[in-house]
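The block underneath contains the structure these notes are about, expressed in structure tokens.
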2 protein chains.
Amino acid sequence: MPINRTAPEPTIARLAIYVRTLRLARVEGVETLSSADIEARTGINSGQVRKDLSYFGEFGKPGLGYAVLPLYQRLARIMRLDREQTVMIVGAGNMGTALAGYSGLHESGFRLAAIYDNNFSKIGWRIWDLEILDIERMPDLNATMGVRIGIITTPATAAQPVADQLVRSGVRVILNFAPTRVATPRDVIVRNVDLTQELQILCFYLPESLLSEDAV
Amino acid sequence: MPINRTAPEPTIARLAIYVRTLRLARVEGVETLSSADIEARTGINSGQVRKDLSYFGEFGKPGLGYAVLPLYQRLARIMRLDREQTVMIVGAGNMGTALAGYSGLHESGFRLAAIYDNNFSKIGWRIWDLEILDIERMPDLNATMGVRIGIITTPATAAQPVADQLVRSGVRVILNFAPTRVATPRDVIVRNVDLTQELQILCFYLPESLLSEDAV
DNA sequence: TAGATTGTTAATCGATTAACAATC
DNA sequence: TAGATTGTTAATCGATTAACAATC
């Protein structure tokens, strides 16, 4: 029963997929899944599934597979998804507003605790029942709220100062939608979601682009 | 001067970053960048930069580096970013509406040509000046519009039939925001952006979660 | 020319897949 | 028990980094 030190990051990403898959299987009334069953549902190689799980313990029974409910519970606990997690959004523009209203957030066990902006024409207004707060008040307010997950939905130019403010306020992990990298202390984890980059990558794969530029 | 057959996908993702970096450098009036300069601006190892570029040609001069404008133009062409690309959105919910209003789309050279939904209470209404269209009309309408990039912003349950409809309508690449995989013909490329998965991955990295569950 | 930097090859690193003894 | 499937080790694969001859 190995203790997890550092499972590879791709393993953690797949763990989230397993949790979702197991929850769905539970709803369907399925009580046991083999790694081959999980492969059928997720497309993730069955050996990969077993390898991923082995970073965290021995959850299966040879010849039988994995009991859905206990595995779900243990993985959810490992991922800290066994409790409601609170998040805050900085940037009450299009993306921030959409995210605030995104039902998947709640369905996945997240609660939006606050939304901040620096624009006085926005501060004080409400988005889906939540008042837009002055970003200057974040350190003070978050001393009480204790939110540790921050979401940046500002323009690129504001991302770095916002990240600094989040760190100052006690946030430990950041989901950054601004199309720029932000620098943080080493113990603060940042994941970047760059929508236009995703579209640009797809453009490359448009049929004709598979040729070299010279060959076009 | 090697012809590109298949550069690794991570290379393509970085290419998009180089394009953005070069455009910015141009605005700043910088005329030349070495691979070390690009590393300083992007955090991408200078050897990696040279390797990535070498998949597509020889763009630099030993001892001097890369001329910003020509490299920008050539990479933009390779990525098909030298022309306006049209996209369509399916799903006029929170995410679809936000994306439709996202200024970064236009700033990155994309034009939103259409937005579809299957909900009769939404069809006919306008989002940011664009009429919400009946998804049933997509194959017909797109025969004229010729949009090849589709964006799925529906609930998970609708994602697969929507993907099928997109493929039927001539779309070749898909950006999928629904938290589920979609199956497509092999020549249709899908990229998945799963916002709640990103948050769940971050949860794992919250300080206390670095221990194994047993050790907590 | 001398110094700088490319393009590319070789070495390293890390993650995925295959294979199989252990075991339910 | 016999068949099925785990957990893990070894083999493979692919991407990143280091190093350096070529050359501006």
Side-chain angles (χ1 to χ4, degrees), chain A residues 1-18 21-22 25 30-68 70-71 74-75 78 201 204 212-214, chain B residues 1-18 21-22 25 30-68 70-71 74-75 78 201 204 212-214:
Chain A
M1 224 171 289
I3 301 291
N4 164 46
R5 287 273 162 258
T6 41
E9 191 264 286
T11 290
I12 307 306
R14 286 190 295 266
L15 238 49
I17 295 174
Y18 303 147
T21 303
L22 289 161
V30 176
E31 288 181 1
T32 306
L33 287 176
S34 67
S35 57
D37 294 332
I38 295 175
E39 173 169 357
R41 286 168 177 259
T42 62
I44 299 165
N45 176 287
S46 64
Q48 182 79 268
V49 172
R50 297 197 298 279
K51 185 109 217 256
D52 286 340
L53 297 177
S54 74
Y55 285 104
F56 299 96
E58 303 189 349
F59 303 111
K61 290 231 190 309
L64 299 176
Y66 302 89
V68 169
L71 182 58
R74 300 184 73 183
L75 291 188
I78 290 165
I201 294 166
F204 175 82
S212 94
E213 54 167 344
D214 307 84
Chain B
M1 223 170 290
I3 299 294
N4 164 47
R5 287 272 161 262
T6 42
E9 191 264 288
T11 290
I12 306 305
R14 286 190 295 268
L15 238 48
I17 296 174
Y18 302 147
T21 303
L22 289 162
V30 175
E31 288 181 0
T32 306
L33 288 176
S34 67
S35 57
D37 294 332
I38 296 176
E39 173 169 359
R41 286 169 178 257
T42 63
I44 299 165
N45 176 286
S46 65
Q48 182 79 268
V49 172
R50 297 197 298 279
K51 186 107 215 256
D52 286 340
L53 297 178
S54 75
Y55 285 105
F56 299 96
E58 303 190 350
F59 304 111
K61 290 232 189 310
L64 299 175
Y66 301 89
V68 169
L71 181 58
R74 299 184 74 181
L75 292 188
I78 289 166
I201 294 166
F204 175 82
S212 94
E213 55 168 341
D214 306 82

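Computed from heavy atoms alone, side chains included, the values below leave out hydrogens, waters and symmetry copies. Everything quoted here is computed from the prediction, not taken from an experiment. Reminder, nothing fancy here: chain letters follow the sequence lines and each chain counts from 1.
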What is the separation between atom CG on A:Leu71 and atom P on D:dT5, rounded to the nearest whole Å?
16 Å
B:Ile44 atom CD1 is separated from D:dA18 atom P, nearest whole Å, by 15 Å
Is D:dC24 paired to anything, Watson-Crick or G-U wobble with both distances less than 3.5 Å, and if yes, which nucleotide?
C:dG3
Has A:Tyr66 got a side-chain N or O lying under 4.0 Å from the OP1 or OP2 atom of D:dA4?
no
Out of D:dT16, C:dC24, C:dT16, minimum distance to the side chain of A:Pro62 belongs to C:dC24
Please check if atom CD in B:Glu9 has more than 12 non-hydrogen atoms from other residues, nucleotides or ligands closer than 6.0 Å.
yes
Atom NZ of A:Lys51 to atom P of C:dG14: distance rounded to whole Å?
13 Å
Please give, in whole Å, the distance from C:dT17 P to A:Asp52 CG?
10 Å
In whole angstrom, give the distance that lies between atom CD of A:Glu58 and atom P of C:dA22.
14 Å
Identify which nucleotide among C:dT16, C:dT6, D:dT6 has an atom closest to any side-chain atom of B:Ser35, counting heavy atoms from C-beta outward.
C:dT6
Among the candidates C:dT9, D:dT5, C:dT17, find the nucleotide nearest to the side-chain atoms of A:Asn45.
C:dT17
Polar side chain donor-acceptor pair, B:Arg50 to B:Ser35, under 3.5 angstrom:
yes
Pair A:Arg41-A:Val30, side chain to side chain contact (heavy atoms under 4.5 Å, CB included): steps then yes or no:
CA-CA 13 Å; A:Arg41 286 168 177 259; A:Val30 176; 3.7 Å; yes
Taking only N and O in the side chain of B:Arg50, is any of them less than 4.0 Å away from OP1 or OP2 of C:dT6?
yes
I need the OH-P distance between A:Tyr18 and D:dT6, as an integer number of Å.
12 Å
Set out, in order, the CA-CA distance, both residues' side-chain angles and the distance that settles side chain to side chain contact (heavy atoms under 4.5 Å, CB included) for A:Tyr18 and A:Ile44, then state yes or no.
CA-CA 10 Å; A:Tyr18 303 147; A:Ile44 299 165; 3.5 Å; yes
Counting side-chain heavy atoms from C-beta on, which of D:dG7, D:dA15, C:dT16 comes nearest to A:Ser54?
D:dG7
Side chain to side chain contact (heavy atoms under 4.5 Å, CB included), that's the test. Do A:Leu22 and A:Tyr66 meet it? Break it down for me.
CA-CA 10 Å; A:Leu22 289 161; A:Tyr66 302 89; 5.9 Å; no
More 5' along DNA chain C: A:Glu9 or A:Gly63, using each one's nearest nucleotide?
A:Glu9
Please tell me which of the listed nucleotides, C:dT16, C:dT5, C:dG7, lies nearest to the side chain of A:Arg14?
C:dT16
Rounding to a whole Å, what distance do you find between B:Leu64:CG and C:dA4:P?
12 Å
Identity of whatever pairs with D:dC13 - Watson-Crick or G-U, under 3.5 angstrom
C:dG14
Measure from the side chain of B:Gln48, starting at C-beta and using heavy atoms only, and say which of D:dT16, C:dT16, C:dT6 lies closest.
D:dT16
Specify the separation, in whole Å, of atom CZ of B:Phe59 and atom C1' of C:dT5.
17 Å
